[in-house]
Amino acid sequence: MQLENQLEQSIFKALCSLYGTEVNASQIQLQKTKKEFEGHVTLVVFPFLKLSKKDPESTAKEIGTYLLEHEPLISKFNVIKGFLNLSIATQAWLQLLDRVHSDSSFGITASNDNSPLVMIEYSSPNTNKPLHLGHVRNNLLGYSLAKIMAANGNRVVKTNIVNDRGIHICKSMLAWRKWGEGITPEKANKKGDHLIGDFYVLFDKKYKQELAVLQAAGKSKEEAEAASELMAEAREMLRQWEAGNEEVVSLWKMMNEWVYAGFDETYKKLGVDFDKIYYESQTYKEGKGKVLEGLEKGIFFRKEDGSVWADLTGDGLDQKLLLRGDGTSVYMTQDIGTAKLRFDDYPINKMIYVVGNEQNYHFQVLSILLDRLGFSWGKDLVHFSYGMVELPEGKMKSREGTVVDADDLVDEMVATARETSRELGKLDDCTPEEAEKISRMVALGALKYFILKVDPRKNMTFNPKESIDFNGNTGPFIQYTYARICSVLRKAKEQGIVMPDHFNKNIELSEKEIALIQQIVQFDSIVKEAGAEYSPALIANYVYDLVKEYNQFYHDFSILKEENEAVKIFRLLLSTNVAKVVRTGMSLLGIEVPERM
């Protein structure tokens with residue numbers, strides 16, 4: 001915010017002049033004045049008491065008096081204990097708003113060919129089941145983070161790593177081969193990922209039945225698991241896949257294609273996409289190669305059973321398995337291989353992994369290993385760690401078939417949005433096509449906003465009913481406010497009101513109007529902070545605060561019925577800029593805003 005920069009420079013000069021010494025810029029702490037006090041910006045005076053050798057009130061008064069005499073931005077000040085509350089002149093607010101108005105991409109920093117390249121990995125599904133509520137949070141966080149990083153002037157590559165190999169994939173394949181009777185998504189009239197997920201659940205059901213029979217015959221749980229013929233068949237299928245058995249590989253390709261088609265549909269529903277998709281079936285061999293290379297260079301060591309390990313005890317961790325004794329890879333090996341391929345494909349400056357907090361240790365280890373293997377960005381990789389998401393009813397368990405399916409969730413949200421909007425009369429003036437489009441926009445806005453407004457690091461409960469509410473801190477409340485502003489601006493146009501390119505600098509502003517301008521001009525610093533903190537929640541809650549401020553203004557002040565023409569034009573331009581910032585802010589969350597509602 002340019003105003004704060006100017007104030008900081010003036011305060012720096014004031015301290016030099018008053019106390020004959022320079023201060024560290026970090027000591028100048030400015031914050032928004034609390035609503036119960038007069039003023040717009042507050043300076044915390046306590047860090048300067050050693051310089052002034054006076055009490056907090058006297059120090060604050062001295063600094064305030066100097067600023068009032070030397071800084072045109074300041075119109076008056078007051079002191080509350082060790083806090084100097086500064087009131088900013090109306091002219092300064094209007095100049096700031098003028099800058100916002102003349103900048104069509106306010107808050108967004110464009111990238112160029114020399115900008116840092118940030119790669120963001122999100123989604124990371126398995127091809128044995130459809131996307132669920134946990135994936136929804138992951139995808140929405142990853143996609144929004146990509147937009148926020150791009151808004152901060154970075155070149156961004158959105159990437160996905162698909163877990164398309166391993167014993168869990170073979171369980172679905174084996175169940176389809178044994179009990180599928182040649183069923184296809186077309187024959188079943190079902191999305192491919194859902195169909196394969198059904199067979200994953202079926203395998204688990206049959207496996208449990210087999211274990212129950214073996215345990216009833218006197219075997220312990222461990223003995224029954226070791227004797228399971230079904231699990232032995234799944235392991236054999238995995239061995240055949242790794243050996244390149246044509247029939248198994250052909251089945252694997254066919255079933256994966258069904259799943260990918262289903263995933264693409266879900267991604268489209270959620271409004272997320274990727275620039276590059278990697279597959280673990282392609283990366284695990286690369287990983288094995290890098291691990292063996294590290295072994296040759298003495299970075300890793302081999303144990304007597306032939307397994308390869310990394311010794312991380314010097315980093316305060318333990319020893320980490322990288323290749324099993326039989327030469328097969330583990331997840332860490334695959335991640336190393338994926339990193340190698342990505343580094344081959346792109347000149348990455350920063351790598352961000354959007355993965356749940358249960359993998360915190362994994363990424364701590366991966367960072368050290370990549371650094372040892374010579375990846376320049378390995379040491380500074382970012383694990384964007386987020387918490388679990390649940391529905392009010394409880395946790396999700398995918399193997400038991402009680403997963404909260406992403407497609408079902410979106411469809412239910414659209415139906416609820418449609419019903420709620422109709423009950424409230426929000427769709428009365430819409431054609432059926434418009435009504436359906438708005439219902440979908442509101443549903444996805446509700447879902448995305450409810451998830452993104454929460455600090456990503458926290459576990460959260462997603463409440464579908466609570467999220468589709470046209471009041472409170474919700475997506476629909478923000479969308480409705482945006483549509484309300486669009487309606488006001490349409491009516492102004494119908495009345496023949498022509499909007500000028502600049503604000504009239506000779507009007508007086510109320511404190512409510514100043515508060516709204518102050519909120520608007522903070523947007524660019526909020527976008528920067530969200531990029532630095534990797535936090536879509538900062539954008540979400542900022543937009544809500546802006547909209548809440550605007551609604552109070554809308555309630556207290558007339559716009560189109562204002563008799564003073566200059567004031568009317570000012571309020572219309574003010575509304576235009578609120579709408580612009582809301583639209584930009586919501587787009588950084590991947591949320592559309594309707595112009596009619």
Side-chain angles (χ1 to χ4, degrees), residues 1-19 21-100 503 505 507-526 528-529 538 541-542 544-546 548-550 552-553 556-557 570 574 578 581:
M1 186 171 154
Q2 288 171 323
L3 180 142
E4 287 191 1
N5 293 340
Q6 193 172 329
L7 274 180
E8 282 174 8
Q9 289 171 14
S10 294
I11 292 163
F12 185 82
K13 286 176 187 172
L15 294 167
C16 289
S17 176
L18 290 168
Y19 309 122
T21 182
E22 290 189 356
V23 296
N24 192 314
S26 63
Q27 290 178 278
I28 300 174
Q29 300 170 35
L30 292 171
Q31 56 198 36
K32 197 172 176 180
T33 304
K34 292 181 179 177
K35 288 201 172 183
E36 59 266 34
F37 301 119
E38 185 185 4
H40 306 117
V41 180
T42 297
L43 173 68
V44 182
V45 171
F46 297 107
F48 314 124
L49 300 185
K50 281 184 182 177
L51 300 178
S52 69
K53 299 182 174 57
K54 294 176 183 172
D55 62 78
E57 287 85 352
S58 301
T59 305
K61 281 175 186 170
E62 275 188 345
I63 298 170
T65 302
Y66 181 95
L67 291 173
L68 192 60
E69 289 172 1
H70 296 88
E71 176 50 74
L73 279 178
I74 307 301
S75 60
K76 54 184 173 177
F77 72 89
N78 66 85
V79 175
I80 307 288
K81 297 183 179 176
F83 299 93
L84 172 60
N85 300 321
L86 302 168
S87 294
I88 307 299
T90 297
Q91 291 294 310
W93 290 120
L94 288 167
Q95 282 170 3
L96 281 169
L97 192 55
D98 222 16
R99 283 184 208 144
V100 173
F503 285 84
K505 305 292 191 305
I507 60 168
E508 285 301 313
L509 299 179
S510 67
E511 278 304 315
K512 181 62 69 180
E513 287 163 327
I514 288 173
L516 195 48
I517 296 171
Q518 189 170 10
Q519 195 76 16
I520 291 169
V521 298
Q522 282 181 320
F523 180 57
D524 61 344
S525 58
I526 293 289
K528 287 181 177 66
E529 191 183 348
L538 288 173
N541 290 291
Y542 162 82
Y544 169 65
D545 288 340
L546 174 61
K548 195 167 58 169
E549 196 78 54
Y550 181 83
Q552 289 170 359
F553 158 76
D556 294 347
F557 294 87
F570 162 76
L574 181 62
V578 170
V581 169

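All values reported here derive from a predicted model rather than from experimental measurement.
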>> So if I apply the side-chain contact (heavy atoms from CB on, under 4.5 Å) rule between W93 and each of L73, V521, I520, which one comes out positive?
In response: V521

>> Could you report the tightest heavy-atom contact between L30 and E8, atom names first, then the distance?
In response: CD1-CG, 3.7 Å

> If you look at every heavy atom in L67 and A14, which pair is closest and at what distance?
Replying inline: CD2-CB, 4.4 Å

> Which is it for L43 and F48 under the side-chain contact (heavy atoms from CB on, under 4.5 Å) test, yes or no, and what are the steps along the way?
Replying inline: CA-CA 11 Å; L43 173 68; F48 314 124; 4.2 Å; yes

>> Tell me every residue that passes side chain to side chain donor-acceptor pair (under 3.5 Å) with T42, counting only those two or more places apart in sequence or in another chain.
In response: T33, N85

> If you look at every heavy atom in V44 and Q31, which pair is closest and at what distance?
Replying inline: CG2-OE1, 4.0 Å

> Is the backbone of Q522 close enough, under 3.5 Å, to the side chain of S525 for a donor and an acceptor to pair up by distance?
Replying inline: yes

> Should we say atom CD of E22 is surrounded by more than 12 heavy atoms from elsewhere, each under 6.0 Å from it?
Replying inline: no

> Hey, what do you get for CD (E508) to CG (L94), rounding to the nearest 0.5 Å?
Replying inline: 9.0 Å

> Checking side-chain contact (heavy atoms from CB on, under 4.5 Å) for the pair V100/L96: CA distance, chi angles, key distance, verdict?
Replying inline: CA-CA 7 Å; V100 173; L96 281 169; 5.8 Å; no

> Would you say the side chain of Y550 lies within less than 4.5 Å of the side chain of L574, judging by non-hydrogen atoms?
Replying inline: no

> Ignoring hydrogens and geometry, is there a side-chain-to-backbone donor-acceptor pair from N24 to Q27 under 3.5 Å?
Replying inline: no

>> List the residues meeting side chain to side chain donor-acceptor pair (under 3.5 Å) with E511, not counting sequence neighbours, and say none if there are none.
In response: H40

>> Using a strict threshold of under 4.0 Å (side-chain N to carboxylate O), is an ion pair present between E549 and K35?
In response: yes

>> Ignoring hydrogens, what is the shortest heavy-atom contact between A60 and V45? Give both atom names and the distance.
In response: CB-CG2, 3.7 Å

>> With side-chain contact (heavy atoms from CB on, under 4.5 Å) as the criterion, how do L516 and K512 come out once you've worked through the C-alpha distance, each side chain's angles and the decisive distance to 0.1 Å?
In response: CA-CA 6 Å; L516 195 48; K512 181 62 69 180; over 6 Å; no

> When rounded to the nearest 0.5 angstrom, what distance separates CD1 in I63 from CG in L15?
Replying inline: 5.0 Å

> Quick one: CD on E62 to CG on L84, what's the gap to the nearest 0.5 Å?
Replying inline: 11.5 Å

> F503: what forms a ring pair (Phe, Tyr, Trp, His ring centres under 6.0 Å) with it, not counting sequence neighbours?
Replying inline: H101, F570

> Can you check whether E71 reaches Q6 side chain to side chain, under 4.5 Å on heavy atoms?
Replying inline: yes

> Can you tell me how far NZ of K61 sits from CG of L68, rounded to the nearest 0.5 angstrom?
Replying inline: 14.0 Å

> How long is the gap from CD1 on I80 to CD on E38, to the nearest 0.5 Å?
Replying inline: 9.5 Å

>> For T90 and I507: C-alpha separation, side-chain torsions, deciding distance, then whether side-chain contact (heavy atoms from CB on, under 4.5 Å) applies.
In response: CA-CA 8 Å; T90 297; I507 60 168; 6.0 Å; no

>> Using 0.5 Å steps for rounding, measure from the CZ atom of F12 to the CD1 atom of I28.
In response: 7.0 Å

>> Among residues at least two apart in sequence or on other chains, which ones pass side chain to side chain donor-acceptor pair (under 3.5 Å) with D98?
In response: H502, K505

> Closest approach of F46 and G82, non-hydrogen atoms and distance?
Replying inline: CZ-CA, 3.6 Å

> Which heavy atom in S87 sits nearest to a heavy atom in G39, and how many Å separate them?
Replying inline: OG-CA, 3.5 Å

> Who are the salt bridge (Lys or Arg N to Asp or Glu O under 4.0 Å) partners of K50, not counting sequence neighbours?
Replying inline: none

> What residues, two or more places apart in sequence or in another chain, satisfy side chain to side chain donor-acceptor pair (under 3.5 Å) together with Q519?
Replying inline: K32

